[in-house]
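FYI, the numbering just counts along the sequence from 1.
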Amino acid sequence: MAKAVKAPIVRPRRIAVLGAGSWGTTFAKILADGGSDVVLWARRPELAREINEVKRNSDYLEGINLPRNLRATSRLGEAMSGAEQVFVSIPSQTLRSNLEAMIPFLGPETVVVSLMKGVEKGTGLRMSEVVAQGLPIELERIAVASGPNLALEIAREQPTAAVVSSASLETAQAVAVAATNRYFRSFVNTDVIGTEFGGVLKNLIAVAIGIVDGVGYGENTKASIITRGLVEMTDFAVAYGAQPETLSGLAGLGDLIATCESPLSRNNTAGRLLGQGYGFHDVVKQMNQTAEGLASVAPILHLAEARGVDMPIVRQVSQVLAGTLDPKDIAPHLTTDSDEPQGERTTDDGQGRGRTSVWGSLKRAFDQLRDGGRRP
Ligand SMILES: NC(=O)c1ccc[n+]([C@@H]2O[C@H](COP(=O)([O-])OP(=O)(O)OC[C@H]3O[C@@H](n4cnc5c(N)ncnc54)[C@H](O)[C@@H]3O)[C@@H](O)[C@H]2O)c1
Ligand SMILES: O=P(O)(O)OC[C@H](O)CO
């Protein structure tokens, strides 16, 4: 019998990106450099004009030239009409209020992709869940993209990878094809929960790292927090149904490293200001870009409590934010309920189930190679 030939996935012709901040503009450039025609929605007409006339977004991406096949508009309908894929990159807390305006321009086949890394205050919902509630769209047409993706580095075309995730592998693949070019590679998975929570949770650990940096502690403290932070992230995400291996991939460990190490990170910067002694309100005033971690702390702790997940690092970040813990006393990896020495519980249970093991990681790496690199 003749083998069925799979139709190749074609790059979309028209794409919309909503939100012309640093990530929205950078992602629009990634997609345009991949070969699609991209229309970027900017709220301010003067920003749309700057992008169209001089191919620059000087407020958010100083010194970056934008491609010719990327244009901007301040009219949502103009950006969305005819777009096969719509990427959304606005602050997470503003998503719900923007969805209603999108409904009239949503086609029957449009795919909506969240680029955001927060949870909604009040509901604790992930961004793809807010999209599913606010738009008349099937889950299979929703995707998310996440990974170690500091906007300015990618806008400078430094080689980077990300993960695109959707309940539908086909949708994830179609989005990944669009979001791949000579300097940016998108892998795929179907673990939307793990991919989204990875992006949310690493922000909170990056705030903790910023705090200890601001206080003046060194590399041992930071390495301890990053390592214990990954355990917290994995425990939390797995309790909500994520695959543990997603948290050791690009959307978990990868993004944790990038965000904790880089002064470009707004979460890390916000933490550093807290560590230097600024109060929460001063920090918010000084940040003129989105630091999602600050709004996610409370809902994440709430969700953690609901599933009995212990998150000492995130708890201490929330205490510093509330002004009830002196930043120099932050040592979440040292807190313990008991004076007895405890075994180090890593993300590895040594059995290759649930939590990941070294052997499990190696086996997965071989599996990925065998599967053609589908999983990051
Ligand atoms: N910057 C990065 O390196 C990066 C990388 C990956 C993911 N992200 C995520 O992308 C999302 C957006 O971040 P960003 O870095 O582009 O933020 P940003 O602060 O640079 O830009 C936010 C954009 O949203 C717009 N905006 C603000 N309030 C709005 C509202 N009420 N309605 C509609 N639009 C509004 C702003 O005008 C701006 O264009 C965040 O969830 C962030 O975590 C950022
Ligand atoms: O600047 P941050 O802290 O929002 O981090 C940006 C990206 O999420 C890094 O992957």
Side-chain angles (χ1 to χ4, degrees), residues 9-12 14-19 23-24 27-28 30-31 36 38 41 76 79-120 123-147 149 162-180 186-201 237 240-243 246 249-251 255 292 296 299 303 374-376:
I9 303 167
V10 266
R11 197 178 282 283
R14 258 278 281 121
I15 295 180
V17 177
L18 311 186
W23 190 222
F27 217 90
I30 292 170
L31 297 162
S36 300
V38 182
W41 175 67
L76 186 63
M80 283 183 65
S81 63
E84 294 150 64
Q85 297 178 2
V86 176
F87 291 73
V88 189
S89 184
I90 58 179
S92 298
Q93 305 312 323
T94 75
L95 174 64
R96 192 178 287 274
S97 62
N98 277 284
L99 292 176
E100 206 174 314
M102 291 168 58
I103 294 174
F105 311 113
L106 207 61
E109 308 269 302
T110 320
V111 168
V112 174
V113 189
S114 164
L115 299 178
M116 297 160 284
K117 293 181 177 173
V119 287
E120 190 178 49
T123 64
L125 293 177
R126 290 174 283 112
M127 292 298 101
S128 67
E129 295 179 298
V130 177
V131 169
Q133 275 192 353
L135 294 180
I137 186 172
E138 309 88 58
L139 272 189
E140 290 68 28
R141 287 198 287 129
I142 300 174
V144 305
S146 200
N149 295 161
V163 195
V164 173
S165 182
S166 171
S168 153
L169 183 59
E170 233 171 70
T171 297
Q173 285 169 334
V175 173
V177 164
T180 293
S186 291
F187 292 84
V188 294
N189 73 34
T190 52
D191 181 12
V192 178
I193 301 173
T195 304
E196 270 189 312
F197 272 140
V200 172
L201 296 166
Y240 276 90
Q243 303 295 318
T246 306
L250 289 164
D255 204 358
E292 292 280 16
S296 296
L303 291 170
R374 192 158 71 76
R375 270 193 172 273

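Within the 4.5 Å cutoff, the side chain of V192 has no heavy atoms near those of the L139 side chain. In this structure, the side chains of F87 and V175 come closer than 4.5 Å at one or more pairs of heavy atoms. Side-chain atoms of S146 and D255, non-hydrogen and from C-beta on, do get closer than 4.5 Å to each other. At least one side-chain heavy atom of S165 sits under 4.5 Å from a side-chain heavy atom of N189. Using a 4.5 Å heavy-atom cutoff, the side chains of V113 and F27 are not in contact. You'll find the side chain of Q173 stays beyond 4.5 Å of the side chain of V177, heavy atoms only.
Here the closest non-hydrogen pair linking V188 and A176 is CG1-CB, 3.5 Å. Considering every non-hydrogen atom in both E120 and T123, the closest pair reads OE1-OG1, 2.6 Å. Minimum interatomic distance between M102 and V88 (heavy atoms only, all atoms of both residues): CE-CG2, 4.3 Å. Closest approach of P108 to R141, counting heavy atoms only: O-CZ, 3.0 Å. When all heavy atoms of S89 and G24 are compared, the pair lying nearest together is OG-N, 3.3 Å. Across I103 and G134, no two heavy atoms sit closer than the pair CD1-O, 3.6 Å.
Listed for the T180 side chain is a donor-acceptor partner under 3.5 Å among the backbone atoms of S186. Side chain of S97 to main chain of T94: a donor-acceptor pair is present (N/O by atom type, distance under 3.5 Å, no hydrogens or angles). Distance alone, capped at 3.5 Å, is enough to place a donor-acceptor pair between the Q93 side chain and the V119 backbone. In this structure a side-chain-to-backbone donor-acceptor pair under 3.5 Å is present from Y240 to L303. Proximity of a side-chain donor or acceptor of D191 to a complementary backbone N or O of Q243 within less than 3.5 Å is detected. Here the side chain of E196 pairs a donor or acceptor atom with the backbone of S128 at under 3.5 angstrom. Checked by atom type and distance alone, the side chain of K117 pairs as donor or acceptor with a backbone atom of G147 at under 3.5 Å.
Around the CD atom of E170, the shell of radius 6.0 Å holds no more than 12 heavy atoms that belong to other residues, nucleotides or ligands.
In this structure, CD in E109 is found 10.5 Å from CD1 in I137, a value given to the nearest 0.5 Å. Separation of atoms CG (N149) and CD1 (I30) is listed at 6.5 Å; rounding is to 0.5 Å. Atom CD1 in I90 sits 6.5 Å away from atom CH2 in W41 (nearest 0.5 Å). In this structure, S168 OG and I142 CD1 are separated by 11.5 Å, a value rounded to the nearest 0.5 Å. Atom CG in L76 sits 6.0 Å away from atom CG in L18 (nearest 0.5 Å). We find the OG-CZ distance between S92 and R126 to be 12.5 Å, quoted to the nearest 0.5 Å.
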Item to complete: Check the pair V200 / E292 against side chain to side chain contact (heavy atoms under 4.5 Å, CB included), numbers first and verdict last.
Response: CA-CA 8 Å; V200 172; E292 292 280 16; over 6 Å; no
